[in-house]
Amino acid sequence: MSKTVEVRRGAYQDSVALMQISQDLQKVDGVRSALIAMATELNLDLLDGMGFARPESSPNDMVVAIEADDDEAVGRALTALEEGLTRRPTASSDASAQPSSPTVATAARSAEADLALISTPGRVAVLDAVDALDSGLDVMLFSDNVSVDHEVALKDRAARQGLLVMGPDCGTAVVGGVGLGFANVVRPGPVGIVAASGTGAQHLMSLLDDAGIGVAHCLGVGGRDLSSAVEGRSTFAAIERLAADDAVELIVVISKPPADEVAATLRERATDVETPVLVRLLGPGQPDLTQTACFGVGRRLVAFQ
């Protein structure tokens with residue numbers, strides 16, 4: 001068996017594109033596992049979990065980690081990596097139709113979209129998110145390294161326009177049955193999830209699917225959303241969005257340990273929503289996700305309290 005870990009300094013690449021390349025490399029003959037990603041703390045944790053040594057790096061560096069049967073298989077994977085990194089979309093035959101400096105706004109004008117997934121570096125992701133909101137798009141902000149002040153400003157801007165910001169650092173979402181980021185493939189169904197915990201959302205979706213209940217939407221709001229600084233801005237907006245969807249029969253809110261005052265407000269406001277809302281805030285003494293998981297009998301939902 002052969003393992004290699006390589007750091008490419010300052011070689012920024014779109015995180016979503018790197019996820020696809022990682023998947024492609026795992027299909028190469030002889031490759032057992034591969035992770036091609038920017039060296040954020042989350043991705044370095046993934047690297048640890050896969051059994052690779054954590055290299056010295058910064059979030060602006062790209063990490064290449066490959067485990068294969070032998071050195072030849074590693075070589076094939078590296079060749080496939082270079083091909084993936086240099087691959088570009090086929091240009092339109094009408095060159096005049098291609099903007100010279102593509103932006104989120106120009107992309108929005110040329111596509112029938114209502115959501116923008118942004119995975120640019122944190123220092124420019126805020127500008128891209130503003131561009132998307134001003135183009136009338138909801139935003140899934142996959143990017144991290146966005147300040148709390150910028151997060152609050154983005155979410156206030158979205159609220160003024162009746163839009164939703166998922167994130168920053170939103171790694172998992174399901175919108176209308178379409179998985180985004182690190183999404184599980186689960187059956188469609190009547191549950192809407194609002195999640196300030198990406199791994200919690202993945203766990204809950206898997207439990208629901210195993211119990212025979214599907215998910216209509218899973219709206220990630222970013223791990224800081226229920227902090228005292230952000231005050232649940234996207235959580236409350238996401239609950240309203242799900243409550244307005246006739247396909248959603250139960251809303252489940254899960255979060256990392258929140259600020260006490262925000263949790264109290266959330267529980268109070270949840271009682272005013274016509275659609276049943278199950279609030280499960282992770283932490284010591286709280287029900288775990290297995291207890292939270294729901295099962296259905298026909299069209300009826302029964303929740304473990």
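Worth knowing before you read on, the calculation uses all heavy atoms, side chains too, and leaves out hydrogens, waters and symmetry mates.
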Quick one, [X] and [Y] - any side-chain contact, counting heavy atoms below 4.5 Å?
X: V130; Y: L154; answer: yes
X: M140; Y: L115; answer: yes
X: L242; Y: V194; answer: yes
X: P55; Y: L47; answer: yes
X: V64; Y: T4; answer: no

Check this for me: does any side-chain nitrogen of one of [X] and [Y] sit under 4.0 Å from a carboxylate oxygen of the other?
X: R32; Y: D69; value: yes
X: R269; Y: E231; value: no
X: E56; Y: R9; value: no

Gap separating the OG atom of S2 from the CG atom of D70, nearest 0.5 angstrom |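 Between S2 OG and D70 CG, I get 7.5 Å after rounding to 0.5 Å.
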Measure the CD-CG distance between Q26 and L35 for me, rounded to the nearest 0.5 Å.
-> 8.5 Å
Is a side-chain donor-acceptor pair under 3.5 Å present for D61 with S58?
-> yes
Looking at [X] and [Y], would you say the former's side chain and the latter's main chain have a donor-acceptor pair under 3.5 Å?
X: S255; Y: L281; value: no
X: R76; Y: D29; value: yes
X: R187; Y: D209; value: yes

Would one find more than 12 heavy atoms of other residues, nucleotides or ligands at under 6.0 Å from atom CG of D260?
-> no
